[in-house]
Amino acid sequence: MVIERTYAEINEKIKSGKVVVMTAEEVISLVEEKGVSEAARQVDVVTTGTFAPMCSSGVFLNFGHPKPRIKMQKTWLNGVSAYTGLAAVDAYLGATELPEDDPCNSKYPGKFSYGGGHVIQDLVARNPVLLEAVAHGTDCYPRRELETMITLDDINEATLFNPRNAYQNYNCAVNLSNKTVYTYLGMLKPNLGNAHYCSAGQLSPLLNDPYFLTVGIGTRIFLGGGIGYVAWHGNQHFPGIQKDQAGKEYGPAGGTLAVIGDLKQMKPNWLVGTSILGYGATLTVGIGIPIPVINEEVMRCVSVTDKELYAPIVDYGEAYGQRVSGNLGYVSYAELKTGRIRINGKEVPAAPLSSYSKAREIASISKEWLRKGQFFLAEPVKLLPSYKDGIEAKSLEIKNI
Amino acid sequence: MSPKKIILRFGKDISDKPIIYNLVKNYDLVINIIKANVNPKKEGTLVLELTGEKYNEGIEYLKSQGVRVQPLAEEVFRSEDKCTNCGVCTDICPTGALYMKRPSMEVMFNSDNCIVCQICLQICPYKAMEVRF
Ligand code: SF4
Ligand code: SF4
């Protein structure tokens, strides 16, 4: 008998407390034991999770009007600039924005101890934040400057809107050069001294829906400890299948998500200000997508293991920065998780940036929400582009002008 | 002369005297303030790095003024609250004091193996590693 389920049927089961939920880790052994069909029959929803730095993140803020009113021209939150090229008291604070006086890499490697991501965490933690603004003044908005303390509860709206999160897959970074480099994937020691990777592998949301059979616009998700939604596909959404030169396939390449949600119901331990030595400040975001087992094909996808998922090994000593294409081969997440991999015949210590134990925690929190009837699935309005759409990355040509 | 790290504790009766000024002026010591704190009871704690020929005389002067002087034993510790168990420190810590427990992928810290090199303080993205005096 073919197994098929609708979103409505699953939501009925959530409502009656009868829904069967497993994490993407737990479902692996069930499928190994009972097979895909039987697992699909038994399980309604499979939860996933990821917790890693996600630079393309930020928050839209509306501060409310002071008396007299202001059309903000420039604003700062704890000294970090927020973009106000919007209506009078609207701003967008980006996760990687730095204070105006940050020494950056002038004292190399820079510390980047505070930035937009840290302001977002301070807001979510309900810490008071210094708001400063300047304006040119108009007849309708006479005020020219302000300085006050705000908390998240004092302002009208704070909408987290992250244009690119939850990378489906990511590079494993190494350094072939003979000096230490400081990258967004951390400190890489010279001459293949170490390897850093950044994915929850078999628990990662989009590695469990590699062909975008269920994730689409409107999908309800765990976002920053609260509830959020998939707004669109993320930018740089390249959901193709990786192949080596011989044409051998190595699983999904790099689909991404744009996600949105009300910051006021999120938690500071799932949106964490992050400082990457020599690189910059950012935000670490917790995301989980409960995947409805609408058919056996979905069950086959969510039962994927670290042994079948691969990261391309890329040299960040030179090739990445210089945009030299190609890689040093592929390595499975199962190998990466042993902490030692082999590259060019050399044994290299490997470490993750993405917290696997937090990813597991997100998957189990989502499971609890579903079981307790606190979280219902949302059928997407439109599925996201998949490998079938043949999307190719563009590069920016530097023209003679 | 290599710098020496010390902790100074000031009672409330002496916390407003120019003791550090005199220390620098009369004993020609180079000081680097690592940490300074005055509690609500007006008792002060000062962590200093001191360098100079007259180091021992300087210490005697501090004691004569009623300052309690303690050599500094540094210890690195991990804030369980801030640590996200990411693991990025585990291939950088030179002694394996920070290591990954497998297969749970939780990051463990065995302070017995820590040599206080403090590399983890720099590279931890969440400032979870701290040095305690
Ligand atoms: S780098 Fe910091 S947050 Fe990550 S495991 Fe090490 S101590 Fe914890
Ligand atoms: S101080 Fe050095 S030895 Fe100690 S835990 Fe940190 S990196 Fe390891």
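For clarity, every value in this text was computed on a predicted model and none was experimentally measured. Chain letters run A, B, ... following the sequence lines, proteins first, then strands; residues in each count from 1.
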Contacting moiety of [X], where chain A heavy atoms sit under 4.5 Å:
X	result
M100(B)	side chain
K82(B)	neither
C89(B)	neither

Heavy-atom contact with chain B under 4.5 Å, split by part of [X]:
X	value
Y182(A)	neither
K111(A)	neither
Y197(A)	side chain

Neighbour count >12 (heavy atoms, 6.0 Å) for atom [atom1], [X]:
X	atom1	answer
Y108(A)	OH	yes
D28(B)	CG	no
R126(A)	CZ	yes

Check your understanding: Pick from A52(A), G339(A), G186(A): which one has the most heavy-atom pairs with chain B under 4.5 Å?
Key -> G339(A)

Point to revise | Among T274(A), T282(A), I276(A), residue most engaged with chain B (heavy-atom pairs, under 4.5 Å) | key: T274(A)

Practice item. Measure across I92(B) and H196(A) and return the closest heavy-atom pair with its distance rounded to 0.1 Å. Key: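 Distance-wise, the nearest heavy atoms are CD1-CE1, 4.0 Å.
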
Practice item. For residues K127(B) and S113(A), report the shortest heavy-atom separation together with the two atoms involved. Key: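 For K127(B) versus S113(A), the nearest heavy atoms are NZ-O, 2.7 Å.
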
Check your understanding: Among V107(B), T90(B), I123(B), V88(B), which residue forms the greatest number of heavy-atom pairs with chain A at distances under 4.5 Å?
Key ->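 Ranked by heavy-atom pairs under 4.5 Å with chain A, first place is V88(B).
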
Exercise for review: Starting at NZ of K337(A), measure out to CZ of R102(B) and round the result to the nearest 0.5 Å.
Suggested key: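 Nearest 0.5 Å value for the NZ-CZ distance: 10.0 Å.
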
Study note, to complete from the structure: Within residues 345-363 of chain A, contacts to chain B at heavy-atom distances under 4.5 Å involve P349(A), A350(A), A351(A), P352(A), L353(A), S354(A), S355(A), Y356(A), S357(A), K358(A), R360(A)

